[in-house]
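Chain identifiers are assigned alphabetically (A, B, ...) following the order of the sequence lines, protein sequences preceding nucleic acid strands; residue numbering begins at 1 within each chain.
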Number of protein chains: 2
Amino acid sequence: MSKNDELASEKCFCPMESILGIIGRKWALLILCEIATSTKRFGQLQKSLQGISPKTLSSRLQELEQVRIISKTVYPEVPPRVEYSLTPQGESLKTIILSLDEWGREHLSDTEISRE
Amino acid sequence: MSKNDELASEKCFCPMESILGIIGRKWALLILCEIATSTKRFGQLQKSLQGISPKTLSSRLQELEQVRIISKTVYPEVPPRVEYSLTPQGESLKTIILSLDEWGREHLSDTEISRE
DNA sequence: CGGGATCCTTAAGGATACTG
DNA sequence: CAGTATCCTTAAGGATCCCG
C-alpha cells in the first residue's frame with residue numbers, strides 16, 4: 001500500500017481527525033505555543049492569552065492533557081500551584097505543527113479566506 | 001531564532017491557524033482524502049461522503065479551492081460537469097497531513113477523548 | 001448535474017459569579 | 001490560585017427545496 005493509497009483509504013484520517021479535534025479548537029494552538037516556550041501556570045496562561053475565559057482554558061488544558069500532549073503538575077501548597085508543560089510526545093507534535101506552519105507561510109501568505 | 005522560539009513567538013501560529021481553519025472543519029479531510037485518490041465530481045463526493053449536505057460540501061470545496069489546495073475544472077457541457085483535483089500545493093500538504101496521521105496512530109491509539 | 005437559498009438545531013465558546 | 005457552575009450568544013452544519 002503506497003503512501004498515496006494510505007491517505008485515501010477509508011480510515012486513514014481517523015487518528016488525524018482526533019488530533020485535529022484537539023489542536024483545531026479555539027485557543028489550543030496558542031496555549032500549546034505558550035507552554036512550548038516554557039512551563040506555565042494557569043494564571044500565566046490566562047494573562048498571556050488575552051481574552052480567553054477560564055472555562056475555555058480549563059477545557060483546552062484538560063483535552064491536551066488527555067491526549068498526553070501536555071502534562072499537569074499539582075503542587076500541594078496553599079495557595080495551590082499548578083504547572084503545565086509539554087510532554088515528549090508534545091515535543092514531537094510540535095515538529096509537525098511547525099511544518100504545517102511553514103506550509104502556511106509558503107502557500108497562504110497572499111490568500112484571504114472568506115466563507116459562505 | 002531557533003525552531004523552538006519560532007513556535008513560541010506571537011504570530012508563529014497565524015498561518016497555521018489559517019490552514020487549520022480550513023482542514024479542521026467538518027468533512028474537509030475526508031473530502032481531501034477522496035480527491036487525493038483521484039479527480040472527483042461533485043456528485044461522486046456526495047455519494048462517497050455519506051451524510052454530507054450539498055451546502056456543506058459546496059462550502060468545503062470552495063474553501064479548499066480558495067487556498068489552492070484543490071482546483072476546480074468546469075466543463076461547458078449539458079448537463080454540467082465539474083471536476084475537483086489536488087493542486088501541487090495540495091500534494092505537498094498531503095505529506096504533512098500524513099505525518100500528522102502517523103503521529104496520531106503512534107500516540108492516540110489507546111486514547112479516548114471526552115469533553116467538558 | 002452542480003450547486004444556491006432558506007430554515008432550523010446544536011454545540012462551542014464568552015461572561016460572570018462562586019469555591020476549596 | 002486554579003479552577004467549576006451557570007447562563008447566554010453565535011456560528012457551523014443538517015435538511016430540504018429549487019433552479020440554470
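The nearest whole Å value for the distance from the NZ atom in Lys55(A) to the C1' atom in dA15(C) is 10 Å. The CZ-C1' distance, from Arg25(B) to dA11(D), rounds to 9 Å in whole Å. As a whole-Å value, the separation of Leu57(A) CG from dT4(D) C1' is 13 Å. Protein atom OH of Tyr84(B) is 8 Å distant from nucleotide atom P of dG2(C), rounded to whole Å. Look at CZ on Phe42(A): it is 18 Å from P on dT19(C), rounded to the nearest Å. Atom CD in Gln62(A) sits about 15 Å away from atom P in dA2(D), given to the nearest Å. For Lys47(B) and dG3(C), the NZ to C1' distance is 15 Å, given to the nearest whole Å. At whole-Å resolution of the value, CD in Gln44(A) and P in dA2(D) are 8 Å apart.
Contacts with DNA chain D (heavy atom under 4.0 Å) in residues 69-81 of chain B: Pro80(B), listed by number.
For Pro54(B), the listed nucleotide lying nearest its side chain is dG3(C); candidates were dG3(D), dG13(C), dG3(C). Taking only side-chain atoms of Arg41(B), from C-beta outward, the nucleotide of dG3(D), dG4(C), dC1(C) with the closest atom is dC1(C).
Comparing the axis of the opening five pairs of the helix from dC1(C)-dG20(D) to dG20(C)-dC1(D) with that of the closing five pairs yields an angle of 50°, rounded to 10°.
Side-chain N or O atoms of Lys40(A) include none that pairs as donor or acceptor with a backbone N or O of Ser85(A) at under 3.5 Å. Checking side-chain atoms of Thr87(B) against main-chain N and O of Ser71(B) turns up no donor-acceptor pair under 3.5 Å. In this structure, the side chain of Arg60(B) engages the main chain of Lys26(B) through a donor-acceptor pair within 3.5 Å. Although no hydrogens or angles enter the test, the distance criterion places no donor-acceptor pair under 3.5 Å between the side chain of Glu65(B) and the main chain of Gln62(B). The backbone N or O of Pro88(B) sits nowhere less than 3.5 Å from a side-chain atom of Glu91(B) that would complete a donor-acceptor pair. Checking side-chain atoms of Thr39(B) against main-chain N and O of Ile35(B) turns up no donor-acceptor pair under 3.5 Å. The backbone N or O of Ile52(A) sits nowhere less than 3.5 Å from a side-chain atom of Thr56(A) that would complete a donor-acceptor pair.
Listed pair Thr56(B) / dG14(D) meets the phosphate criterion, a side-chain N or O lying under 4.0 Å from OP1 or OP2.
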(request) Give the intermediate values and the outcome of side-chain contact (heavy atoms from CB on, under 4.5 Å) for residues Met16(A) and Leu29(B). (result) CA-CA 9 Å; Met16(A) 267 250 6; Leu29(B) 279 177; 3.1 Å; yes
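Cluster annotation: Val74(A) is connected to Ile70(A) through the hydrophobic network of ILVMFWY side chains, with a link wherever side-chain heavy atoms come within less than 4.5 Å.
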